[in-house]
Participant: 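I'd like to ask you about the structure that follows.
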Amino acid sequence: MSTLELHGVHAGYGKAQVLHDVSLRVGDGSITTLLGANGAGKTTTLRAVSGLVRFTGQILLDGRQVPAAPDAVARLGVAHVPQGRGTIGRLSVDDNLHAGALLRRDRAQVRADLRRLRELFPVLAERARSQAAGLSGGEQQMLAIARALMGRPSLLLLDEPSLGLAPLVTKEVFVLLPRLRDEWALTVLVVEQNADLALRVADHAVVLESGRVALAGTAAEIAGHDEIRRAYLGN
Amino acid sequence: MSLMIDLVKPDGGAARRPYGRMLTGAALVIVLAVFPLVMSPFANLQVTLTLVYAVAILGLDILVGWTGQVSLGQSAFFGIGAYGVAVCADRGWPVWAGLLFGVVLAGVVGCLVAVPAARLRGYALGMITLTLPVVAVPLAKRLEVVTGGAQGLNVTIAEAPEWTGLAADQWHYYVVAAGAALVFALAAALRRSHFGRAFDAVRVDEALATAQGVHVTRYKVLAFTLSAVYGGFAGVLYVVAVQFISPETLILTLSISLLAGLAIGGLRSLLGCVLGAAFYVVVPNVTGEVSAGQSYLLYGVCLLAVMLLMPRGVAPALDRVVRNVAGRRGRAVAPGD
Amino acid sequence: MNLVQQILDGLSSGSVYATLALALVLVHQSTGIVNFAQGQMAVISTYVAWTLYDAGVPVWAAIVAAIAGSLVAGALAERLLIRRFEKGEPLAAIVVTVGLLISINGVVSLIWGTVLKQFPSAFPRGGVGSGNGGTIGFGTLGTIAVLLVVVLALGWLFRHTRLGLAFRAVAANPESSALLGLPVGRLLMLGWGLAAAVGALAGCLVAPKLYLAPEMMDSVLTYALAAAVLGGLNSAIGTVLAAWFIGVVENLAGTYISFVGGDMKIAVPLVLMILILLFKPEGVFGHKEVRRV
Amino acid sequence: MAVRRETGGWGVNHGMQAFVEVRDLTLRFSGVTALEDVGFDVGGGQICGLVGPNGAGKSSLFNCVSGYYRPSAGSIRVAGQDVLGVPAHRKVRLGIARTFQHPALQPERTVLDNVLLGGHSTLPGSVLSAMLALPGGRRRERALAAEARELLALLGLAGVERTPAGDLPYGSQKRVEIARALLSRPRLLLLDEPASGLTHAEVGELGELITRIRADHDLTVIVVEHHMGLISAVTDHVVALVGGRKVAEGTAQAVQSDPVVVSAYLGVA
Amino acid sequence: GRGETSSSGGSQAPGVTDTTVKIGASYALSGPLAANGTAAMNGAKSYFDAINAAGGVKMSDGKTRKIEVVQYDDGYDPARAVQNYRKLTTQDNVFALFQTFGTAPNLAIMDSANSEKVPQLFVHSGAAVFSQDQKAKPYTVGWQPTYETEGAAYAKFLTARDQDLTVAVISQNDDLGKAFVNGFTSGIGGSKVKIVAQETYEATDPTLDSQITKLAASKADVLFSAIAIPKLTAGALSKAAELGWNPEHLLVSLVSSVDQVIKPSGLDGSHGIYSTAFVKAADDQQWAADKDVQDYIARMKTSAPGADPTVPNAAWGYGAAATLVKALQETKDITRDGLVQTVQHLTGSVPLLLPGLELHASLTGPPLDRLHVQQFKDGKWSLIE
Ligand SMILES: Nc1ncnc2c1ncn2[C@@H]1O[C@H](COP(=O)(O)OP(=O)(O)OP(=O)(O)O)[C@@H](O)[C@H]1O
Ligand SMILES: Nc1ncnc2c1ncn2[C@@H]1O[C@H](COP(=O)(O)OP(=O)(O)OP(=O)(O)O)[C@@H](O)[C@H]1O
Ligand SMILES: [Mg+2]
Ligand SMILES: [Mg+2]
């Protein structure tokens, strides 16, 4: 479990500033969802945490500034499922999963985790030896999520995990999150357009608008907000 | 003008500052026209050879830069063009026939190689083209009756007409410059047309290109053929500049040097082709003055240094500088708008 | 006798090509780059070994020392030079290796001169067989044995170890691998280092036969590239088999097809290679890559 | 200016006969059956939804239509013409355009350039005239650019014309693809998960947009989507695939209450 | 146009001042022929340095001038040789070109040199084309015996034995290899010596194993190696031995170095290794006490420390430099044409030439046109009378 804090983070690409003074806190063992319109800067926020974009301001993991290099961040126990294709297409499904666990030494536990993830996503067992690039869009997304979990992270960053997933699977993933949070001591920051589901499992929610935090609060508070209902929930 | 940095803005971006561009272009033309009249024969030869290799590099750019295929065969096409014109000159046939023969033959060979090569990507393609110079050198020696074998051919072509009163090096300069300007302008127009976009799409993602109606194989073959034609034409210009061709010129090393020139100058940039060629021609002369014995080592070090300082090549680096300067100027006048 | 001997000779030169090709494949497998300077790096390593030997160090020790040194030097080359080009255009990376080739060649000529040196064989002189069966030198046999050991070791490393998986992941997708916490930079360095070490071994193995000179590996590079691509660029065993194939076919064509002759014999394996690649573009032992839209 | 289609008289078929006919389509990869005996019709001018669990074969079906995959059996006819025999790069000239599930853009070129590529097949194909920069070509190029700008405006991308496409957020990239597809002036548009990465409100806008372009451009649309809201809002007709087989077909409502679809795909709410 | 070759200094010829005379050269100092090119350059340099150290060349106008050599690398690329030529003639304004290296680079500049009347002296190549017609190309002059001459010398050596001999021939696939073979073939015409097998190779071949194996099948009595690359020669010799084929070897002079070829090949000469020579080899014990050779070795050590004096090209470069100095001394009319005049009538001796050999200028051949056959015995070369 980890605590993630952003204090006054500014980030962007080249000259284009995307995040303006973003501050948020993802408490130890909590699930926080990050909402926002297309282009609001959600992906950029996660990328800043992972060291994939440079930022100014402070990003603290358990009170300490995160390193600048993505691999160093990952070695602190941060797993990032990027938006879109997050797998290594040239490797087999199994190799992808094992690559997720390369930093771990507890081999027996790795095998157990693998079994569990295969139960959750049976297709990963069926297609264990196929090249990951051949999987369907949704299957690749499952692989990306499973691969991140194989690392047994303490902080899980999910960028639109439901992207390309069938409704049933999406639900399963969101049901799984609180369970894993408890069993595996996870802290989760999830960007999600299926706000309905996300707000149901999340403890906290943050809404980004044009790179600024527009709203933050408990999931229930946010879900009760009128504007949020109109833009994200539609009921 | 054709030598300007290729910004690839088919939607008219290139024409946004038409006067500035035309002025720069005109200035460039004048400088280039006056150059041989005031400079030494050695300087003229260097510029002439630079333009020769620039055409060959532009051909490579069409293949490597535009469509993303690797080729180690450019020296062979260069040789075909050169031998084409030299053989004709040697037998007393008209030079234009030699030009046509050399360029067409290069194009035909290029097309023949391209048809199977278009099935391949990346390094596999590079290997196929590697075969070309490896085979071309002994072949040129074997066809001794026409090529003069290992001794090569000494020819006298493109002699300065009496009335010009020009020395050979000056006349050769103008001939080569005119030829190079012509083929550069043609390539620039092609690049700005929708073909330029299609070539890019083929490079970036073949499936994507196909979905937009681009026949990937045809475009690869087209690029390969054009590239060979440009290589062949460069070979023709080479004979104008050097008046000699022998199998030594066809070797793989030249192909590799041209690739290096392309990377040094910067991909997808007409100016880059010229700068890359200039690097290939001028730097050895400079390092040779520093130390004849270590000139090659120094050349290698310069190559590494330029690549390290400007990983995307000199032309893009210059482009960025120019745009920064222009940008600053642009901001300065902005409030007045 | 001629036929058998030509085949044996082909295997012998094929083994020369294979040693360098293995190093090429190793770099490609771990960093996705084709390193034109691989041969030249091997040459400088061999000169180092020669210098040690010349100073009285036993051959084997000199070779081992050169291999160790090359491991470090290769890693440094990656870190200081190649690193900047791994993400950009592949051409830039290739050209940087060409620059490296030229520079190392210059440095070797500067330090050791251009005149050839005799490199001691780690294997005894002479060979086995003779008369009708053909002969094969101990040097070649030794080279083949070392080759096989290297191939098995590399195969095991890449297919069955965690390090191998890490190499493959990084070569296929560095960004994604970094997100998994793999030390991408260090793995790339190690990949280059290993390749340089294999290259050093290659140089020391072939130097007794080719004689040590700054351009020793230049002519081998063409063949090694062909073998690496024909073998699929990702398969050690495929590379060695392809190299042997090239060596043998070249000799047989030069011997038995009269119009080919000594000057054009190299063309035959290359043309065959083209034909094979047309039907199997990913190389004989390469995996067909699945691409999805 | 109108481009000559290779098949004339599509208007005649309109409404009289199915515009898209898929019959007995079977597609296998080593060890995986992606599609098995799939058949359905889409009427001209209709919007057809294609739904089903992950790996059901939806994208594969698109890939068969656009020629990337070669089915082992079956046929696909569009406007009465068999399209399976037509090479992939000619599909767009038949009036078939598509978007990709994972955005396929040229990341370093501008959004406008990316869209212009979609008009490639509408421009004449002589290299020589392009090299000579004849004025006719320039004029056509300008006209195309104007058309592309209109489409970008329609899709709410007017402000990012000159942005490199790779710099856009995910949701915008998917819209660039739609603009690109439209610039080829298609008759049949295949959309693969256009709503992924969009917020609820944005999905609503997208739905309106799809119905609008259907009307404005006289289009037939097949849309693959996991977003049931969008499916319900825009489709006239829905086909559900599970494990490569068609399991249900009908209105969005009917399909969504089909027990097989519910258990395999939607899950009980 | 401009006068390309006019000098700035009025009466004096280009490149000649009261105290210096400037000479230009272009060598392959990089690439596969770098070893030979560098050796040629070093050999010449060591002689010029010695002359300069002693004050310079005393010329016919009574002035003593130092020799200033401007040299560039051409990497054996004709286009670069042409550039170097332009640079030397128009920028460095040299008096004459000296010892430009290799056939192709010299051919590339030959026409320009003759039309611009720039002496292209003592080219470092045994191709006949540079000397055979000095009426047509008076400004281009060779130095060493032609490859044909050398090939014929081996033929004469074999036919003189009046035995039935079978010969296998391997030659480089270029004008050099062809010239050796042509000279040899016409030399054995009508004799009891027969060529029974013939192979060629490309200079880029890594080994010659396949060719030697083919030749070995002929079981010829003699192997004539018209191979121009030391490592390939050494490899060929040891391959033949490995195959159990022990013919007599004829090595062309280019690759006759004991250290570079014979020692690496592992052969001891017991089956007969022959070559030809026209200069005294530095590693030949019989000249250990020879003044010429001692001077040469000492001067090489001073001028090019680390360079190997046993490489034939170095000795040739030294000899050619001496020939140039001699020509400069003897030139009456100190102009380019005057120099060429002198060269065309040059006779006499220069250091390092084998006993009995002399310069012997003619309009149809190089100034040196004879060689001695020598045999490798007891670790050294010895002349055969
Ligand atoms: N590589 C890049 N270079 C330049 N600008 C970028 C880059 N990536 C994103 N941007 C810009 O940053 C802004 C925020 O993008 P980001 O991807 O973070 O949005 P998002 O909230 O994740 O959107 P979506 O829901 O569509 O994924 C956008 O305006 C986008 O154009
Ligand atoms: N090129 C391929 N190689 C191997 N298997 C493939 C290939 N393309 C598709 N498949 C397999 O075919 C099946 C159908 O894939 P398809 O992409 O059509 O699914 P989909 O319905 O689009 O799923 P999703 O909703 O996840 O995108 C999957 O099991 C997939 O793994
Ligand atoms: Mg995003
Ligand atoms: Mg899909």
Side-chain angles (χ1 to χ4, degrees), chain A residues 12-14 16 18 35-44 82-86 89 121-123 126-127 129-131 133-143 159-160 162-172 175 191-196 207 227-235, chain D residues 29-32 34 51-60 63 100-103 156-157 159-160 163-164 166-175 192-193 195-206 224-229 231 233 242-243 256 261-269:
Chain A
Y13 304 88
V18 175
L35 306 176
N38 174 221
K42 308 177 295 293
T43 298
T44 307
Q83 189 169 20
R85 287 180 187 170
F121 304 117
V123 69
E126 288 158 25
R127 305 291 295 276
R129 307 193 141 262
S130 344
Q131 222 178 297
L135 298 183
S136 83
E139 289 164 348
Q140 290 196 30
Q141 185 69 0
M142 297 178 208
L143 177 57
D159 199 347
E160 303 202 21
S162 76
L163 203 75
L165 290 185
L168 180 59
V169 183
T170 309
K171 268 177 228 162
E172 280 170 4
V175 170
V191 171
E192 184 50 61
Q193 296 300 12
N194 195 332
D196 191 18
V207 181
E227 248 175 80
I228 297 298
R229 304 186 72 82
R230 217 172 311 120
Y232 298 96
L233 301 171
N235 46 16
Chain D
F29 299 98
S30 54
V32 186
V51 301
N54 297 122
K58 308 178 295 295
S59 299
S60 296
N63 285 340
F100 295 91
Q101 179 168 1
H102 186 83
L157 292 166
V160 293
T163 311
D167 294 358
L168 292 186
Y170 193 88
S172 307
Q173 295 193 4
K174 301 221 64 151
R175 274 180 286 147
D192 201 345
E193 302 198 16
S196 66
L198 300 186
T199 60
H200 180 82
E202 288 163 349
V203 174
E205 287 166 26
L206 178 70
V224 167
E225 196 38 80
H226 292 305
H227 200 291
M228 284 307 120
I231 290 287
V242 173
Q256 282 180 63
V261 175
V262 170
S263 73
Y265 178 51
L266 298 170
V268 273

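As a basis for the values below, the full set of heavy atoms in this structure was taken, side chains included, without hydrogen atoms, waters or symmetry mates. Each chain gets a letter, A, B and so on, in the order the sequences are listed, and its residues count up from 1. Given the structure is predicted, the values throughout are model-derived calculations rather than measurements.
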Participant: Please flag which part of Leu165(A) lies under 4.5 Å from any non-hydrogen atom of chain D: side chain, backbone, both or neither.
Facilitator: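 Interface part for Leu165(A): both.
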
Participant: On a heavy-atom basis, which atom in Arg230(A) and which in His200(D) lie closest, and how many Å separate them?
Facilitator: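 So the two residues come closest at O-CD2, 3.9 Å.
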
Participant: Would you say the side chains of Ser172(D) and Asn38(A) form a donor-acceptor pair under 3.5 Å?
Facilitator: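 A pair is found: one side chain offers a donor N or O, the other an acceptor, under 3.5 Å apart.
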
Participant: Applying side chain to side chain contact (heavy atoms under 4.5 Å, CB included), can you list everything that pairs with Ser130(A), at least two apart in sequence or on another chain?
Facilitator: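 Counting only residues at least two positions away or on another chain, Ser130(A) forms a side chain to side chain contact (heavy atoms under 4.5 Å, CB included) with Arg127(A).
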
Participant: Where does Ser263(D) contact chain A at under 4.5 Å (heavy atoms): side chain, backbone, both or neither?
Facilitator: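 Interface part for Ser263(D): backbone (N, CA, C, O).
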
Participant: Examine whether an atom of Ala37(A) lies under 4.5 Å from a heavy atom of chain D, and if so say whether it belongs to the side chain, the backbone or both; otherwise answer neither.
Facilitator: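 Both the backbone and the side chain of Ala37(A) come within 4.5 Å of chain D.
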
Participant: Once rounded to the nearest 0.5 Å, what's the spacing between atom CG of Asp159(A) and atom OH of Tyr170(D)?
Facilitator: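 Between atom CG of Asp159(A) and atom OH of Tyr170(D) there are 10.0 Å.
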
Participant: Going from CG on Asn194(A) to OG1 on Thr199(D), what distance comes out if it is rounded to the nearest 0.5 angstrom?
Facilitator: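 Between Asn194(A) CG and Thr199(D) OG1, I get 11.5 Å after rounding to 0.5 Å.
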
Participant: With sequence neighbours excluded, what pairs up with Leu168(A) under the side chain to side chain contact (heavy atoms under 4.5 Å, CB included) test?
Facilitator: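 For Leu168(A) the side chain to side chain contact (heavy atoms under 4.5 Å, CB included) partners, ignoring immediate neighbours, are Glu172(A).
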
Participant: Checking Glu160(A) against chain D: side chain, backbone, both or neither under 4.5 Å from a heavy atom?
Facilitator: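 Only the side chain of Glu160(A) comes within 4.5 Å of chain D.
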
Participant: If I measure from the heavy atoms of chain A, does Ala34(D) come under 4.5 Å with its side chain, its backbone, both, or neither?
Facilitator: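 No part of Ala34(D) comes within 4.5 Å of chain A.
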
Participant: In terms of heavy-atom pairs under 4.5 Å, which option from Val203(D), Asp192(D), Val32(D), Asp167(D) contacts chain A the most?
Facilitator: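 Highest number of pairs under 4.5 Å: Val32(D).
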
Participant: Of the non-hydrogen atoms in Gly55(D) and Ser136(A), which two are nearest, and what is the gap between them?
Facilitator: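 So the two residues come closest at N-OG, 3.3 Å.
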
Participant: Taking all non-hydrogen atoms of both residues, which atom of Pro53(D) and which atom of Ala166(A) are closest, and how far apart?
Facilitator: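 Of all heavy-atom pairs spanning Pro53(D) and Ala166(A), the closest is CA-CB, 3.9 Å.
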
Participant: Taking all non-hydrogen atoms of both residues into account, name the closest pair between Pro167(A) and Leu266(D) and its distance.
Facilitator: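 Of all heavy-atom pairs spanning Pro167(A) and Leu266(D), the closest is CG-CD2, 3.8 Å.
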
Participant: Can you tell me how far the CG atom of Leu198(D) sits from the CD atom of Gln193(A), to the nearest 0.5 Å?
Facilitator: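 Reported to 0.5 Å precision, the distance equals 7.0 Å.
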
Participant: Given the options Gly57(D), Gly197(D), Ala195(D), which has more heavy-atom pairs under 4.5 Å with chain A than any of the others?
Facilitator: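 With the most close heavy-atom pairs to chain A, the winner is Gly197(D).
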
Participant: In terms of heavy-atom proximity below 4.5 Å to chain A, should Val224(D) be classed as side chain, backbone, both, or neither?
Facilitator: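 It is neither, since no heavy atom gets under 4.5 Å.
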
